[in-house]
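Let me begin by presenting the structure, written as structure tokens, before commenting on it.
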Amino acid sequence: MRWGMLINLVKCVGCYSCVVKCEQEHFLPPSVLFGRILISETGEYPRALKHVYPVLCNHCKEAKCVDACPTRATQKREDGIVWVDSDKCVGCRYCLMACPYQVRTYYDEEKEYYPGQGLTEFEKLGRQLHPYQTGTVLKCTFCMERIDSGIKRGLKPGVDRDATPACVITCPSKARYFGDLDDPESEISMLVRKWRPVQLRPEYGTEPSVLYVIG
Amino acid sequence: MTGIVTKERERYRKFFGERDKQKDYWVHSVCSLCYNECANRVRVLDGKPVAAEGVPESDKGAQGGLCAKGVTAVMDWHDPNRILYPVKRTNPKKGLHEAPGWQRITWEEALDTIAEKLIAARKKDPRSTVFAMSPGPTGGMRANSSWSRFIPAYGGNSHASGGPGTMCGGAAHHIGALHYAAWDIVPDYRYCNYVLRCGGNEGWGGGRNASASIRQAAAARERGMKMRVMDPQGFTVASKGEEWIPILPATDIAVFLAIANLMVNEIGVYDKEYIRHKTNGAYLLGPDRLYVRDQETKKPLIFDEADQKLKTYDDPTLKHPAIEGKYTAHGVQGEPIFARMKEHLKQYKPEWAAEISSVPADTIRRLAKELVEEAKIGSFIEIDGVKVPYRPACVVGYKGLQTHSNSHHQYTAMHLINVLLGNQDVCGGLLGSGTARSLGYPETGGFAYSAYRGLDGILTTGAWPVGIPAWPPGKVQGPGVCLNFYDLFPHARSNIYPYAEDWEEKWKKTGEPFSPEVFFTYGANVVMSLLRPEAVEKFLKKVPFACALQPFHNETTEGFCDIVLPESHFLETLDISTGFSTTYSYPVGMDKWSFHVRMPVTEPKGEARDIQDVMFDLADRVGIRDQYNAQINDYYSFTRGRRMGRDIEIPLIIKPEERITNMELVDRVLKYHFGPERGLEWFRDNGFLTWKKRPDECYWRWFVDARVPIYYEEVEQDREEQRKKAESVGFNLNWDYFTGMTTYFPSVIYTELPPDSEYDLFVISQRDPLMTYRFTAHNPFINAAATINPYTYNVTMNAQTAKKKGIKEGDTICLENRFGDTQTGKVKLSQLVHPAVIAAVGLGSWARGTPVSSGKGINPNALLRQDQHRFCPLSGSSEPTPRVKVYRKQNARSTT
């Protein structure tokens with residue numbers, strides 16, 4: 001069992017739904033994003049191209065962040081998800097430096113979404129449900145709460161929406177797919193064979209579980 | 001809490017109370033943050049909305065996906081800056097940047113005061129109340145129904161655009177009506193193989209059917225649909241095409257006319273049968289540029305080649321209309337419009353178009369060839385057992401294409417190509433933004449309407465989101481009938497007056513039969529959305545009383561309103577109008593009919609109220625409830641689309657004398673169309689309805705006997721009278737522009753300054769997937785995404801042009817027009833912008849009520865000084881492109 005995600009960049013339009021849905025799902029504090037979109041241009045006018053890469057934690061098979069963590073706060077589950085136990089994290093940020101994809105965030109300061117106007121009910125609720133600790137590192141978890149609670153209810157991640165990462169279900173282009181990369185019959189495995197996606201920076205030897213179809 | 005509100009809350013709790021007692025529940029509703037009005041489902045936890053998603057079982061939207069704006073809408077509900085109580089202004093000074101000094105008042109005081117002003121103004125002259133609306137944060141269709149239908153009931157006609165029309169789809173909606181019986185156009189993505197897209201971002205995150213189009217276009221790309229994008233900038237939708245073709249703004253018309261010329265006079269392949277039977281191309285045109293008409297019936301004449309006779313367009317024996325040749329009718333020599341057009345097009349050569357547009361002539365020839373090859377003219381396909389024409393190629397565009405001073409001719413030139421391809425509302429081609437024909441909900445036959453053949457055989461809309469149809473055409477009147485000179489320009493209803501710089505001098509010449517006494521605005525932010533704020537300020541300062549109904553403050557309410565009423569957030573709103581956006585934003589093609597009700601997910605906060613109940617209240621107080629009820633009945637019964645020009649009885653959903661509430665209205669409308677079992681209770685508990693679309697609904701073109709214009713005879717009819725009346729108040733226009741034949745006219749941006757002017761850059765304002773007008777900009781989640789999007793808050797400039805001007809990445813730059821108006825922002829250099837163009841999203845807010853968006857981005861409209869030369873008198877579109885010089889600004893502060 002190894003959870004993986006496939007992002008079809010031919011379909012993706014870079015609308016940021018994945019970025020903000022993740023924020024919403026996890027009640028993220030201001031200035032913390034688990035997913036981002038990297039945008040660049042190559043070429044010269046008029047033969048130029050725009051590149052749009054939604055990025056998130058790659059949940060690498062060979063996770064450098066796990067190796068770098070001195071307290072074992074950063075851990076890898078049997079299903080491949082890499083997560084951070086905030087109670088063990090001391091905020092040394094070695095993992096930030098070790099991660100070649102820069103997809104981790106050091107949460108340094110509590111802020112309000114409407115600065116100077118107090119916390120909204122959304123934020124208060126968020127702090128109860130997700131008491132993020134300042135001085136620790138936060139990152140994408142492939143929505144492991146959704147996956148775990150979904151499986152308990154007999155749902156299938158990647159197939160059933162309530163058990164699937166929020167960024168996958170929100171995509172208006174249906175550009176994102178999720179499933180078990182170790183199961184040859186899963187939709188994601190079939191699409192990998194069909195579309196031959198690439199990994200980001202394979203030369204780092206990290207074996208990312210997030211794959212990209214670049215057309 | 002006010003008595004009115006207490007009663008409403010009691011009604012709400014009686015109906016939704018059990019549901020709302022649950023700790024954790026989901027509600028099926030409808031998003032309102034853009035025109036798409038996607039189906040959504042919203043999670044409420046401990047009484048607070050916390051999450052929004054799409055609905056996989058519905059086709060209204062992204063089938064489970066939801067764009068960033070829709071997702072983050074829940075945060076707006078939590079926004080501490082929401083207006084929750086009626087307020088009145090205590091600072092008597094009005095002006096840009098003035099602090100209003102809001103004081104809370106009761107609904108009774110607010111409504112009594114507003115009604116008193118409306119009554120007094122109506123007594124003087126109903127036209128002295130100026131209505132300004134825009135589809136705002138609570139939904140596109142709300143503005144068109146609950147709000148706009150108040151105006152004819154009131155007896156007024158003073159529209160001052162809130163932004164739509166003149167700065168958006170002026171030509172698109174009018175021509176959309178005439179050609180597609182729909183508000184806008186969308187490729188039939190399921191079957192289309194080739195799209196030439198110009199000046200619009202539908203399919204990428206902008207435009208009509210935004211999320212549905214993202215989904216459909218993505219699937220089409222995966223299937224191999226080709227897309228060429230012709231646009232001054234290439235970093236939005238062009239990034240998803242195989243080819244970006246840079247073009248100078250507002251010059252697409254030259255390319256389109258050249259392509260049409262190539263198709264008709266060189267390649268020689270175009271859909272002759274479509275022209276014969278489905279356009280006025282077969283109507284005979286006389287030397288006076290008007291139709292040759294039957295002397296008795298006055299109907300346009302056609303020559304039938306089958307039996308060599310002249311016949312009226314509706315003669316049931318008509319078999320083979322001629323589209324070439326010359327014919328004489330009662331002594332008048334005429335020729336088919338198409339024959340005249342064919343000759344007219346010869347002057348538009350690709351080399352000429354290249355000179356104007358900067359698109360190479362070879363590219364233009366290639367595009368013409370590709371369109372013709374891909375369109376498979378003459379072919380058919382079977383869909384669900386029904387044979388329909390198959391034309392899987394189209395040319396499409398929207399705001400960037402047609403919002404210019406040459407709007408009418410620019411947009412009709414594009415549709416000329418689609419007519420020649422024969423792709424209108426057929427499989428694979430170009431469809432109206434929704435479906436113009438509904439054969440009804442299968443179980444009841446309700447929800448039925450159709451486009452139909454109207455005056456002179458021209459296509460007439462059935463379901464139409466606004467009160468005034470595009471056909472039959474309006475007549476020239478006045479001057480002095482309409483505050484915004486719509487009387488003089490009857491197809492330019494939404495135009496830049498009365499805000500334009502030259503309004504006052506022209507209005508004086510009408511003798512000023514009335515003066516603006518009340519300014520009533522909904523959903524709009526006129527200070528920011530139209531032209532330089534100082535011009536709007538000048539007009540608004542003349543109006544003694546201004547009021548608004550909004551969920552949030554903005555620059556207009558703060559600077560100029562005396563009373564602001566708190567509108568409920570869309571998540572608190574019960575709204576049936578969204579289900580009636582059938583030709584506005586319904587899923588196109590063979591997607592399912594998907595009918596949704598915007599259902600409140602929680603009780604409204606504070607004393608916020610639903611606009612429908614507010615307008616019922618106001619109508620009661622002003623004494624026009626009967627008339628208003630009749631308007632609402634007309635809207636929700638699809639009256640026009642069921643009458644189809646005939647005299648038939650339409651039952652009443654709401655009788656004129658009834659005093660029902662919004663909740664009762666919604667229940668009745670639902671039962672009227674979907675049966676007694678499917679009222680509000682059913683929708684509360686079951687969410688929404690879907691049913692299969694039929695091919696003779698979505699590909700209705702050859703099932704409805706009507707023709708589209710390739711010649712706009714109505715433009716010719718009143719020319720002399722129009723010219724006389726318009727000149728009498730100081731309109732000195734190029735009267736050659738008033739021609740029924742689509743003709744090249746340049747935009748004013750190429751004639752108002754010499755080619756070597758130091759104001760050498762054209763500012764365009766591109767759509768951004770995160771922004772709808774400015775009202776999504778104050779959402780902190782949207783702000784977080786916008787901060788990491790390099791194109792949203794920055795001003796984007798061609799890298800080579802910047803280098804020549806000594807400008808580097810990240811510099812603060814100043815954009816300055818020839819009047820000295822400036823905007824300052826941070827530059828992002830790009831290879832994906834035409835060298836003569838600079839691009840910026842319309843932002844630049846300063847309102848105290850929207851602190852998150854304050855100080856971000858620039859307002860390109862602040863560089864616009866508009867007058868009679870900077871609008872299209874045939875469609876009302878403004879010219880939104882200022883010409884500027886650009887330089888680095890040392891020690892600059894950003895924005896205005």
Side-chain angles (χ1 to χ4, degrees), chain A residues 8 10-25 27-28 30-33 36-52 112-126 128-129 161 166 169-176 195 213 215, chain B residues 45-46 48-54 56 61-68 70-72 74-75 78-81 203-205 210-211 214-215 217-219 221-222 234-235 237-240 244-246 769-770 780-782 784-785 788-791 798-800 830-835 851-852:
Chain A
N8 186 328
V10 172
K11 298 177 88 176
C12 171
V13 294
C15 71
Y16 290 88
S17 183
C18 49
V19 171
V20 298
K21 182 62 180 166
C22 171
E23 264 190 286
Q24 180 178 89
E25 176 72 18
F27 292 84
L28 293 182
S31 73
V32 175
L33 293 175
R36 285 175 295 133
I37 298 189
L38 300 183
I39 296 179
S40 66
E41 295 178 6
T42 54
E44 248 190 50
Y45 174 87
R47 301 269 168 264
L49 291 174
K50 180 187 178 192
H51 305 279
V52 174
E112 295 168 342
Y113 266 111
Y114 296 94
Q117 294 189 275
L119 293 177
T120 61
E121 294 296 326
F122 180 89
E123 290 164 276
K124 288 179 190 164
L125 200 54
Q128 284 170 28
L129 298 169
R161 287 168 64 88
I169 64 160
T170 200
C171 178
S173 303
K174 300 190 186 193
R176 296 169 90 115
W195 286 335
V213 178
Chain B
L45 189 56
D46 288 343
K48 297 148 196 66
V50 295
E53 295 179 359
Q63 285 175 346
L66 195 63
C67 82
V71 165
T72 62
V74 296
M75 207 58 192
H78 293 271
D79 190 332
N81 300 288
W204 175 84
S211 281
I214 292 177
R215 156 179 62 90
R221 283 196 299 280
E222 197 198 334
F235 56 82
V237 70
S239 63
K240 304 315 298 182
W244 171 46
I245 302 166
L770 295 167
F781 278 25
I782 292 289
I788 61 169
N789 182 347
Y791 302 103
N798 176 281
Q800 287 81 0
S830 173
Q831 301 294 341
L832 289 164
V833 180
H834 192 289
V852 170

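Below, chain A is the first sequence line, B the second, and so on; all start at residue 1. Side chains included, hydrogens not; waters and symmetry mates left out as well; all remaining heavy atoms used.
With a 4.5 angstrom heavy-atom cutoff, A:Leu119 does not touch chain B via any of its atoms. For B:Leu45, the parts lying under 4.5 angstrom from a heavy atom of chain A are both the backbone and the side chain. For B:Asn789, the parts lying under 4.5 angstrom from a heavy atom of chain A are both the backbone and the side chain. Contact annotation for B:Val833: only backbone heavy atoms (N, CA, C, O) come within less than 4.5 Å of a heavy atom of chain A. Neither the backbone nor the side chain of A:Leu38 comes within contact range of chain B, judged by heavy atoms closer than 4.5 Å. Proximity to chain B (any heavy atom under 4.5 Å) is shown, for A:Lys21, by both the backbone and the side chain.
Residues B:Arg215 and A:Ser173 have side chains not in contact (no heavy-atom distance under 4.5 Å, counting atoms from C-beta outward). Here the side chains of B:Val50 and A:Leu125 are in contact, with some heavy-atom distance below 4.5 Å. Contact annotation: the side chain of B:Gln831 never approaches that of A:Lys50 to less than 4.5 Å [non-hydrogen atoms, C-beta and beyond].
Ring orientation note: the planes of A:Tyr113 and B:Phe781 are tilted relative to one another, at an angle of 30° to 60°.
The most heavy-atom pairs under 4.5 Å with chain A, out of B:Gly61, B:Ala218, B:Gly234, B:Pro49, come from B:Ala218. Taking B:Ala219, B:Pro851, B:Pro835 one by one and counting their heavy-atom pairs under 4.5 Å with chain A, the maximum is reached by B:Pro835. Heavy-atom pairs under 4.5 Å with chain A peak, among B:Val237, B:Val74, B:Asn81, at B:Asn81. The candidate with the highest count of non-hydrogen atom pairs below 4.5 Å against chain B, out of A:Thr42, A:Val19, A:Ile39, is A:Ile39. Chain A forms more heavy-atom pairs under 4.5 Å with one residue of B:Gly203, B:Ala210, B:Ala62, B:Gly65 than with any other, namely B:Gly65. Your options are A:Pro115, A:Cys12, A:Gly118, and the one with the most heavy-atom pairs under 4.5 Å with chain B is A:Cys12.
Between atom CD1 of residue B:Ile788 and atom CZ of residue A:Arg36 there is a gap of 7.0 Å, rounded to the nearest 0.5 Å. How far CG of B:Leu832 is from CZ of A:Arg47: 12.0 Å, rounded to the nearest 0.5 Å. If you take CD on A:Glu121 and NZ on B:Lys48, they are separated by 5.0 Å, rounding to the nearest 0.5 Å. Within the model, atoms CD1 of A:Ile169 and CG of B:Leu66 stand 10.0 Å from one another, a figure rounded to the nearest 0.5 Å. A:Tyr45 contributes atom OH, which lies 9.0 Å from atom CD of B:Gln800 (distance to the nearest 0.5 angstrom). Note that the CZ atom of B:Arg221 and the NZ atom of A:Lys11 stand 9.0 Å from one another [nearest 0.5 Å].
When atom types are taken as modelled, the side chain of A:Gln24 and the backbone of B:Ala52 share a donor-acceptor pair closer than 3.5 angstrom. Judged by distance alone, with hydrogens and angles left aside, the side-chain atoms of B:His78 form no donor-acceptor pair with the main-chain N or O of A:Thr120 at under 3.5 Å.
Contact record, B:Leu770 with A:Cys15: CD2-O, 4.0 Å, taken as the closest heavy-atom pair. Taking both residues in full, the closest heavy atoms of A:Arg161 and B:Gly64 are given as NH2-O, 3.0 Å, listed atom of the first, atom of the second, then distance.
A donor-acceptor contact closer than 3.5 angstrom is absent between the side chains of A:Thr170 and B:Glu53. In this model, no donor atom of one side chain and acceptor atom of the other lie less than 3.5 Å apart for A:Gln117 and B:Asp79.
Evaluated for a side-chain contact (heavy atoms from CB on, under 4.5 Å) with B:Val71, the options A:Cys22, A:Pro172, A:Ser17 yield exactly one hit, A:Ser17.
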